[in-house]
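First up is the structure itself, then whatever we jot down about it.
This chain uses plain numbering: 1 for the first residue, then up along the sequence.
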Amino acid sequence: MGKYIIEGKNKLSGEVFTSGAKNAVLPILASTVLNGGICVLKNVPMLLDTFVAIDILKDLGCKVDYSENTVVINSKDINKTQVKEDLVKKMRSSIIFLGALLSRFKEASISYPGGCNLGKRPIDFHLDAFKNMGINIEEDNNLIKAKTDNIKEAVINLPFKSVGATQNVILASIFVKGRVVIKNCAKEPEIIDMANFLNKLGANIKGAGTDVITITGVDKLKDFIEYEIMPDRIEAGTFLCMAAITDGNVKVKNIPPIYLKALTDVLQKIGYIIEEDKNSIAIKQGNNKNPIDFLETKPYPYFPTDLQPQIMSLLATIKGTSIIKENIFEARDKHIKELNKLGCNILTDKDMFIINGVKSLKGDTVFSKDLRGGACLICAGLFAEGKTIVEGACYINRGYENLDKKLSILGANIKYIKD
Ligand code: EPZ
């Protein structure tokens, strides 16, 4: 599992670069199934989840090479359309390989990805949309089998702005005869990055980043493209919260400020000073700090659920009572018990979290149960007196590249112990 050991109370200062975005590279890796040719991806974050997606591609028959942060995929010789079960179990977002395989081969199968520590995480929006597109879906035991003679044009009204369902429908629509329109689609920057990749590959996708996306089917995609993955806004936001909690003075580079407006608005409301230029965000201490009466997570461009645990650990150290409402995942609260072990005073009432700020925290051994929950425990450990051991580093390493090295450069006293 691995662990991080932090000696708290060091102020973070200096500059840090974001890596490529995990939540952009995963759908783009799935997209490389489509062209049966070569895709060269740059600025790829070499994370545990990236390697799971690479293993899925290899298992399907792709040739994949990588060095540093460049990955080269040749999807010419794909020889199967079932996604390997043990890899699906490792990464539930592998469900979006379904759309890509269906597009190219008109059939695909995948074991039910199941839930994780954030709650059930069903895939009904994905499957309902596919049925609407003339795709036959059979679910026997734990295997989903999808098959069609041809994918039909359709208007898909998503019940919720689901990121994965939006991505899966886009992937299934690339070669459709006619058009697929997705209404109430997700608008995250990672959706735009995926659409940019696919359009560069020769697809015809309009409206990414708005509430309606229209895909007009094409006959063929290019055999070769190079593409640079966008920067990771959630990693960048995590660094801003870590700088804030240590009363630090940090500039996060290679991140367009617009991606994190919902977070920087909250940090300024608390009392931090935020300075931005075209491609960086700097944070430093203001004169005082205020609690946040009410903050809720919602789909982009509102406050992202993936930064809820991190802002919570910051608010837990700010005098007064703050309230967070988690609207996206039914169980994104596993970090609260662990934060309280460090001395936080956080109460939960279903999806409402009441955070009573405390003056100090005391290091202890805590357990990360999911990726962002683990990051929030490191955040709290940076503030706590003494030593904090965060077990379950494997969750954290799913989404943060070289986290200990980056934080050490900023002045944190942190060590990563493999096992
Ligand atoms: C993506 O997950 C991200 N993962 C998540 O980041 C992120 O938290 C989430 O979007 C929301 O922004 C990747 O991009 C790999 P959803 P996804 O479909 O696509 C419900 C991280 O920490 N739902 O937008 O799985 C679902 O249960 C991860 O980097 C259905 O009910 O999220 C959830 O409550 C965590 N039926 C809500 O919608 C469906 O068919 C949003 O899920 C699909 C989703």
Side-chain angles (χ1 to χ4, degrees), residues 19-47 49-81 83-84 87 91 93-94 96-108 150-151 166-177 179-180 189-209 213-232 254 401:
S19 297
K22 167 179 87 81
N23 292 349
V25 75
L26 296 179
I28 288 173
L29 283 166
S31 305
T32 63
V33 159
L34 290 166
N35 74 329
I38 296 176
C39 298
V40 178
L41 304 181
K42 298 195 180 293
N43 195 37
V44 174
M46 300 320 274
L47 305 163
D49 275 9
T50 310
F51 289 112
V52 172
I54 288 172
D55 287 347
I56 289 174
L57 288 168
K58 284 182 174 173
D59 179 74
L60 291 171
C62 296
K63 200 172 161 321
V64 184
D65 297 299
Y66 53 85
S67 77
E68 309 233 324
N69 293 94
T70 298
V71 178
V72 183
I73 303 102
N74 184 336
S75 62
K76 180 165 160 295
D77 297 329
I78 289 183
N79 50 31
K80 62 187 270 199
T81 57
V83 184
K84 198 157 182 270
L87 296 171
M91 188 178 72
S93 59
S94 32
I96 55 171
F97 277 88
L98 210 54
L101 290 165
L102 277 166
S103 241
R104 185 170 161 195
F105 300 102
K106 303 289 180 287
E107 64 173 27
N150 73 314
I151 297 176
T166 302
Q167 292 166 340
N168 232 343
V169 174
I170 291 173
L171 287 167
S173 310
I174 297 297
F175 301 120
V176 77
K177 293 259 169 302
R179 293 193 323 176
V180 171
E190 292 77 20
I191 302 270
I192 301 173
D193 208 37
M194 174 195 181
N196 289 342
F197 169 82
L198 288 164
N199 284 337
K200 188 172 182 183
L201 199 55
N204 182 344
I205 303 163
K206 298 259 185 312
I213 292 177
T214 302
I215 306 102
T216 305
V218 296
D219 296 330
K220 195 166 164 5
L221 296 173
K222 291 176 189 154
D223 294 334
F224 176 88
I225 68 159
E226 284 199 6
Y227 190 79
E228 177 156 336
I229 305 295
M230 68 173 274
D232 193 320
N254 186 28
E401 188 181 43

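Each of Phe224, Phe197, Tyr227 was compared with Cys39 under the side chain to side chain contact (heavy atoms under 4.5 Å, CB included) criterion, and only Phe197 meets it.
No side-chain heavy atom of Val72 sits less than 4.5 Å from a side-chain heavy atom of Tyr66. Within the 4.5 Å cutoff, the side chain of Ile78 has heavy atoms near those of the Cys62 side chain. No side-chain heavy atom of Phe97 sits less than 4.5 Å from a side-chain heavy atom of Leu171. Between Leu26 and Asp49, the closest side-chain pair of non-hydrogen atoms falls below 4.5 Å. At a threshold of 4.5 Å between non-hydrogen side-chain atoms, the residues Ile205 and Ile213 count as touching. In this structure, the side chains of Pro189 and Met230 come closer than 4.5 Å at one or more pairs of heavy atoms. Two residues are said to be in side-chain contact when any heavy atoms from C-beta on lie closer than 4.5 Å; Val33 and Ile73 fail this criterion. Side-chain contact between Ile54 and Val71 is present, with at least one heavy-atom pair separated by less than 4.5 Å.
Annotation for Gly202 and Val218: closest pair O-CG1, 3.6 Å, computed over non-hydrogen atoms. For Gly99 against Asn168, the heavy-atom pair with the smallest separation is N-OD1, 2.9 Å. Annotation for Asn79 and Asp59: closest pair OD1-O, 4.4 Å, computed over non-hydrogen atoms. Scanning all heavy atoms of the two residues, the minimum distance from Leu198 to Ser31 falls at CD2-CB, 3.7 Å. For the residue pair Ala203 and Ile174, the shortest heavy atom distance occurs at CB-CD1, 3.9 Å. Between Glu401 and Ser19, the shortest heavy-atom distance links the atoms OE1-OG, 2.7 Å.
Here CD of Gln167 is found 9.0 Å from CD1 of Ile28. Values are rounded to the nearest 0.5 Å. For the atom pair Asn35 CG and Asp223 CG, the distance stands at 7.0 Å (nearest 0.5 Å). Note that the CG atom of Leu201 and the CD1 atom of Ile225 stand 4.5 Å from one another [nearest 0.5 Å]. For the atom pair Ser103 OG and Phe105 CZ, the distance stands at 10.5 Å (nearest 0.5 Å). A distance of 5.5 Å separates CD1 in Ile191 from CD1 in Ile170, rounded to the nearest 0.5 Å. In this structure, Asp55 CG and Leu87 CG are separated by 5.5 Å, a value rounded to the nearest 0.5 Å.
A donor-acceptor pair under 3.5 Å links the side-chain atoms of Asp232 to the main chain of Lys22, judged by distance alone. Asp77 places no side-chain N or O within donor-acceptor distance of the main-chain N or O of Gly61, the cut-off being under 3.5 Å. Here the side chain of Asp193 pairs no donor or acceptor atom with the backbone of Ala24 at under 3.5 angstrom. Not a single donor-acceptor pair under 3.5 Å links the side chain of Asn204 to the backbone N or O of Thr216. Judged by distance alone, the side chain of Thr50 and the main-chain N or O of Met46 form no donor-acceptor pair under 3.5 Å. One N or O on the side chain of Ser75 and one on the backbone of Thr32 form a donor-acceptor pair closer than 3.5 Å. Judged purely by atom type and a 3.5 angstrom limit, Asn74 has no side-chain atom pairing as donor or acceptor with the backbone of Lys63.
Other residues, nucleotides and ligands contribute only 12 or fewer heavy atoms inside 6.0 Å of the CG atom of Asp219. Within 6.0 Å of NZ on Lys76 lie no more than 12 heavy atoms contributed by other residues, nucleotides or ligands.
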request  = Show the numbers, then the answer: is there a side chain to side chain contact (heavy atoms under 4.5 Å, CB included) between Val25 and Asn43?
outcome  = CA-CA 9 Å; Val25 75; Asn43 195 37; over 6 Å; no
task = Given side chain to side chain contact (heavy atoms under 4.5 Å, CB included), test Phe175 with Ile151 step by step and report yes or no.
result = CA-CA 8 Å; Phe175 301 120; Ile151 297 176; over 6 Å; no
